[in-house]
Amino acid sequence: MIDLNFEDFELVYKEDRTEIKNKDKILDELKHVIGDKNVSILKSDILAYTRDSSLISLNWTIQGKIAGLPEIITWPEDSNHISEILKIANREKIPIVPFAEGSGVVGGAIPIKGGIIIDLKRFNKIIEINDQNLTVTVQAGMNGMNLERYLNSKGYTGGHIPQSLYTSSVGGWIAHRAAGQFSTKYGKIEDIVLGMEVVLPNGEMIKFDPIARAATGPQLDKYFIGSEGTLGIVTQATLKIWPYPEKRTLISYAFPTIEDALDAVRLTLRKQVNPAVVRIYDADETARHFEHIEKATDRVMTVFVCEGITELVDLEEKITREKCEEKSGIDCGEEPVKHWFETRFKVTETSMFPPYKIVADTIEVSIMWDKAADLYHSVIESTSQVEGNLLITAHVSHFYPNGAGFYFTFGGVPGKGKTEFDFYKECWNATIKAVLDVGGSIAHHHGIGVNRSHWMEREWGNGYKVMKQFKEVLDPNNILNPGKIYTPTWKGGDE
Ligand SMILES: Cc1cc2nc3c(=O)[nH]c(=O)nc-3n(C[C@H](O)[C@H](O)[C@H](O)COP(=O)(O)OP(=O)(O)OC[C@H]3O[C@@H](n4cnc5c(N)ncnc54)[C@H](O)[C@@H]3O)c2cc1C
């Protein structure tokens, strides 16, 4: 048994952290309302909730640093338990952080103000599949892979397959407005959620019944999608499902430039063809992932998966190929797509860097078509100028008739006198500033967390003030996930 002493570790997020007053009394009360076995102050349990999966936290762990330090861990079993915990926290003004699988990568689940963790893992039941409505209702802590496997066994797909499928939950997807690898056909999670149950900061519950469409005033349920655990805790959701695809066709083309590849995809979507998977890799990423494909040397690899009923898939294939050839694409066959399928959940690439003191991360953003190529070149140009930057590459993996989602990867070492965190923030800020200058959105599917909150004012303008007012109405004591979205936690980075 390791004897952990948290004082021996440097705490990264310590500003405004509050200790729980009357902790013994609060502990007793929590045990009384949700049961002894569902509450812990064991140091080993606390350690497990000190970080999320943001890559810089791996650098910190190696250096013996802790990102955030909670004081009490809870594992509620039902919505009433969550309601009771929130009533206590609201009365005592104790920070609460909802925590699902910790796969978030922007610090969303880091308890930067301390407080109580509400772990959602016991909310792991599938409630029902409705075949006529094509929906599944699940508890929010449901693991993604378990859900998809269950749906597949019944002849359906959920259509939402993020790279973190094995390590993320339905509630986490909703909280961060997640996107799966098959999003070009099935949509992002906000297109997939039809109903929800949410517990508010004061412990009250709201149920949004699934409905195909409604015209009953502004749709309040939508406001909780992407709220990152700051407005309420999602306990249950009804999601769209689809019959398992009858046919899958694998297509790949290598293009002379990223502009050609973007054009080919744009023109394909303009024909109202939506391949489920579309991924454009810039020349550097093509060299990294497809070095074994000779025809792709010095080119921009693009992979497509069309799926659904046979007749439509065949037509989608025909149109996709026509558009790729129009833009000088060279047919590379099925092999690159098979390679993608085999490696699509492999996540070791970036996590290999921190042990070598290299700081790396990924940043996803979005843009309309007319600025897409500008955004790419502008981010590559500005982020490569950060002192110590060794790598900045991109792929484009989510597409819409009107625009696309880009995914940048950076890596490097801090310049002289700089910390790893300084370098990390500089690369983040250079990327985000370039995106805003070109007219893009600062986040496509990972959310805000701590990494982006200081850019929210520029992203939203006056709307940010309204967002803060809404938060104050729902959570006047600011107990739910404080320090996220509405507070510029990384100060001084937005010049
Ligand atoms: C290797 C890797 C690959 C990834 N690939 C993708 C990808 O392809 N697409 C994508 O979109 N993301 C991806 N991510 C990011 C991450 O998986 C998502 O953000 C995911 O949606 C988080 O889910 P989680 O259950 O792990 O949530 P957590 O990390 O535990 O929590 C994330 C945030 O949601 C809040 N939260 C969690 N559950 C609830 C709830 N029930 N109610 C209210 N708030 C809640 C937390 O407070 C926190 O703010 C990837 C991450 C990694 C590490």
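Counting convention: from 1, in listed order, for ligands and their atoms alike. When a residue number appears, it is its place in the shown sequence, counting from 1. The structure presented is a predicted model; accordingly, all values stated were derived computationally and were not measured.
- Across Thr157 and Glu148, no two heavy atoms sit closer than the pair OG1-OE2, 2.7 Å.
- Using a 3.5 Å distance cut-off with no hydrogens or angles, the side chains of Tyr486 and Thr230 do pair a donor with an acceptor.
- Across Gly115 and Ile94, no two heavy atoms sit closer than the pair CA-CG2, 4.0 Å.
- No hydrogens or angles considered: nothing links the side chains of Asn481 and Glu228 as a donor-acceptor pair under 3.5 Å.
- Defined by atom type and a distance below 3.5 Å, a donor-acceptor pair is missing between the side-chain atoms of Thr167 and Ser164.
- Sorted by chain and number, the residues within 4.0 Å of ligand 1 by heavy atom are Ser53, Pro98, Phe99, Ala100, Glu101, Gly102, Ser103, Gly104, Val105, Gly108, Ala109, Leu120, Ala140, Pro162, Gln163, Ser164, Thr167, Ser168, Ser169, Gly171, Gly172, Trp173, Ala175, His176, Ala178, Ala179, Glu228, Gly229, Gly232, Ile233, Val234, Val347, His445, His446, Asn481.
- For residues 68-107, the pairs satisfying ring pair (Phe, Tyr, Trp, His ring centres under 6.0 Å) are Tyr49-Phe99, with sequence neighbours left out.
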